[in-house]
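Atoms within each ligand, like the ligands themselves, are counted from 1 in listed order.
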Amino acid sequence: MTTAEIINPSTEEVIATTELASLEQTDAAIADARTAFESWRRVAPGDRARLLRRFAAAVDADLENLASLEVANAGHTIGNARWEAGNVRDVLDYYSGAPERLTGQQIPAPGGVDITFHEPLGVVGVIVPWNFPMPIAGWGFAPALAAGNTVVLKPAEITPLTAIRLGELALEAGIPEGVLTVLPGKGSVVGERFVTHPDVRKVVFTGSTEVGKRIMRGCGDQVKRLTLELGGKNANIVFADADLERAAAEAPGGALDNAGQDCCSRSRVLVERSVLDRFMKLLEPAVKEFRCGDPRDESTAMGPLISAGHRDSVLSYLDDAPVAFRGAAPEGPGYWFAPTVLTPDRDARAFREEVFGPVISVVPFEDEADAIALANDTEYGLSGSIYTRDVGRALRVSRAVEAGNLSVNSHASVRYWTPFGGFKQSGIGRELGPDAPLAFTDTKNVFVSTDA
Ligand code: NAP
């Protein structure tokens, strides 16, 4: 049996040992999920809805425990971790409204009746990264289950604890065995098998663009359905006419939340040159007040990075760009990294690559056209923000930026009832919002002749 030691990134202590699923165990779980699909798809819509609502209630009742597990396993602040567990509950509640509403169409056709059905796909494989273990799991499994599919779910090898608990809660809530199976294990074993196993009819992958491309190539062999949520290098565009105090106060939260380990992190702050000096003066205290420390402390704004290896990777980005200023971080055990603001050139690695750490790059722009060109000069296209008081400009720039999720005078990207996903190499497909269950179905068209 292969096991993995689970480390608390705030203390570097081993907090659990988990069993990693083998190829044989993965195949067995997929076979069970395939069997469970035949009955789950036939559960009456209202009963499936009721079971999902019970699952949501079980998550709600366990919210403090789930949040504590995430604080210990991933170093998330307690406030964020509570929000994340609450998000799983809300996503389940929201999609519990879907089973009775998966209506097809009746389309005029001569000589008969034409109707469409949204048929579930079968077994869906959900592959989750380490940065948001709970929400990303829920965005996959809740709409998939609501649409009548069964799910096998692979958490990241280093952050499996909340996913394991969610699997237990599903069973406690009455979701039948085999309908949602959590398989902690390696990407190269469990994740790859979701791609190659013919009974897994769809893969939902969230993670790096590099692994996403590999999964997309693999799914091509079986024309397997696929949703990809990949990396981001998102721009926060601050125009001279913006409320600069507000823009500077909110920029750290938009970039440094979850220690910058967020695909939506607005790590490129583009500032109109005429207000650059004033913006930097306002940004410095805001970054220094963004407290990095013990994630169990309610007043902490960000915790540690996930691992020593990841900290080394983030540190390497400070080599080729001037450091404008840094905040503070604890010393001693833990993978701490102080919030850092760089003023790089437009071609610096830190400005072009996804750092995935608490590092902000501030770069000036000349005018609206330059801001749009700079924001779009990346293969990513996930999210972005625009700070301006000019409504026309806000809408013009929102339409011009090539990204799936834009916010004006705000950094909010995620609401369970609005669609989320990327343009360009940030992904394919959309999660969340009213249409997500449809992404777990194929449309069937049936024509019934009424000829005598
Ligand atoms: P990753 O290395 O790509 O891993 C993501 C998941 O894929 C993990 O569960 C991993 O398993 C698994 N995996 C690795 N190799 C695999 C393979 N060959 N076949 C199948 N599965 C495989 O990404 P990460 O470093 O964990 O996560 C960070 C990335 O996720 C960032 O780029 C971030 O932007 C992106 N992200 C995107 C979104 C979005 O919604 N667009 C949201 C959050 C994060 P192991 O843990 O065993 O390696």
| Is there a donor in the side chain of Arg268 and an acceptor in the side chain of Ser361, or the other way round, less than 3.5 Å apart? | no

| message | Taking 4.0 Å as the limit for heavy-atom contacts, which would you say applies to Glu431 with ligand 1: side chain only, backbone only, both, or neither? | response | neither

| Can you list the ligand 1 atoms lying under 4.0 Å from a non-hydrogen atom of Thr206? | 5 (C), 36 (N), 37 (C), 38 (C), 39 (C), 40 (O), 42 (C), 43 (C), 44 (C)

| field | Where ligand 1 meets Val128 - atom numbers and elements under 4.0 angstrom, heavy-atom basis | value | 6 (C), 8 (C), 9 (O)

| remark: For Gly185, the atoms of ligand 1 under 4.0 Å from one of its heavy atoms are 47 (O)

| query | Do Leu283 and Phe325 have side-chain heavy atoms sitting under 4.5 Å apart? | reply | yes

| remark: With heavy atoms and a 4.0 Å threshold, my read on which part of Val195 contacts ligand 1 is neither

| query | Which residue and non-hydrogen atom of the protein lie closest to atom 7 (O) of ligand 1, and at what distance in Å? | reply | Phe205 CE1, 3.1 Å

| said: Out of Cys263, Gly212, Gly232, who is nearest to atom 42 (C) of ligand 1 when you count heavy atoms only? | reply: Cys263

| Purely on distance, is any nitrogen or oxygen of Gly207 under 3.5 Å from one on ligand 1? | yes

| request: Let me know which of Asp320, Asp377, Asp347 forms a salt bridge (Lys or Arg N to Asp or Glu O under 4.0 Å) with Arg352. | output: Asp377

For residues 142-153, which side-chain donor-acceptor pairs fall under 3.5 Å, sequence neighbours excluded?
| unit_1 | atom_1 | unit_2 | atom_2 | d |
| --- | --- | --- | --- | --- |
| Asn149 | OD1 | Leu121 | N | 2.7 |
| Asn149 | OD1 | Gly122 | N | 3.1 |
| Asn149 | ND2 | Ala144 | O | 2.9 |
| Asn149 | ND2 | Phe440 | O | 3.0 |
| Thr150 | OG1 | Ala33 | O | 2.8 |

| note | Taking only non-hydrogen atoms of Ala156 and a 4.0 Å limit, the atoms of ligand 1 in range are 9 (O), 46 (O)

| Short check: is a protein heavy atom less than 4.0 Å from atom 4 (O) of ligand 1? | no

| query | Considering only the protein, which heavy-atom contact is closest to atom 32 (O) of ligand 1, and what is its distance? | reply | Glu354 OE1, 2.7 Å

| Within a radius of less than 6.0 Å around CZ of Arg214, do more than 12 heavy atoms belonging to other residues, nucleotides or ligands occur? | no

| request: Determine whether the side chains of Asn80 and Asp257 contain a donor N or O and an acceptor N or O closer than 3.5 Å. | output: yes

| Do you know which of Leu318, Val287, Val341 makes side chain to side chain contact (heavy atoms under 4.5 Å, CB included) with Arg326? | Leu318

| message | Can you tell me how the ring of Phe141 sits relative to the ring of Phe55, calling it parallel under 30°, perpendicular over 60° and tilted otherwise? | response | parallel

| query | Around Glu5, counting heavy atoms of other residues, nucleotides and ligands shown, do more than 12 lie under 6.0 Å from its CD? | reply | no

| query | Atoms of ligand 1 less than 4.0 Å from Lys186 heavy atoms? | reply | 47 (O)

| message | Looking only at side-chain N and O atoms, does Ser385 offer a donor or acceptor that is under 3.5 Å from a partner on Arg266? | response | yes

| In terms of residue, atom name and distance, what is the protein heavy atom nearest to atom 12 (C) of ligand 1? | Ile127 CG2, 3.7 Å

| said: Which of the numbered atoms in ligand 1 are under 4.0 angstrom from any heavy atom belonging to Asn131? | reply: 43 (C), 44 (C)

| request: Report yes if Gly187 has an N/O atom closer than 3.5 Å to an N/O atom of ligand 1; otherwise report no. | output: yes

Acceptor/donor pairs from residues 303-315 side chains to any protein atom, 3.5 angstrom cut, sequence neighbours excluded:
| unit_1 | atom_1 | unit_2 | atom_2 | d |
| --- | --- | --- | --- | --- |
| Ser307 | OG | His310 | N | 3.1 |
| His310 | NE2 | Phe356 | O | 2.7 |
| Arg311 | NH1 | Gly334 | O | 3.2 |

| So, Asn87 and Trp139: side-chain donor and acceptor under 3.5 Å apart, yes or no? | yes

| said: Suppose we measure from atom 15 (N) of ligand 1 to each protein heavy atom; which comes out shortest, and what is that distance? | reply: Val211 CG1, 3.6 Å

| request: Identify the protein heavy atom lying closest to atom 23 (O) of ligand 1, giving its residue, its atom name and the separation to 0.1 Å. | output: Ser208 N, 3.3 Å

| Within 6.0 Å of NZ in Lys288, more than 12 heavy atoms from elsewhere | yes

| task | Answer yes if the side chains of Arg291 and Thr77 hold a donor-acceptor pair under 3.5 Å, and no otherwise. | result | no

| query | Any idea which part of Phe132 is under 4.0 Å from ligand 1, heavy-atom wise: side chain, backbone, both or neither? | reply | neither

| message | Could you tell me, atom by atom, which parts of ligand 1 come under 4.0 Å of a heavy atom of Ile136? | response | 42 (C), 43 (C)

| message | Could you identify the single nearest non-hydrogen protein atom to atom 28 (C) of ligand 1 and state the distance to 0.1 Å? | response | Phe356 CE2, 3.5 Å

| Leu230 contact mode with ligand 1 (heavy-atom cut-off under 4.0 Å) | backbone

| said: Does either side chain, that of Lys233 or that of Ser426, offer a donor lying less than 3.5 Å from an acceptor on the other one? | reply: no

| query | Which of the numbered atoms in ligand 1 are below 4.0 angstrom from a heavy atom of Gly191? | reply | 19 (N), 20 (C), 21 (N)

| Considering only protein heavy atoms, which is closest to atom 11 (O) of ligand 1, and at what distance to one decimal place? | Lys154 NZ, 3.0 Å

| query | For Phe420, is the nearest heavy atom under 4.0 Å from an atom of ligand 1? | reply | yes

| query | In the protein, which heavy atom is nearest to atom 46 (O) of ligand 1, and how far is it? | reply | Glu157 N, 2.9 Å

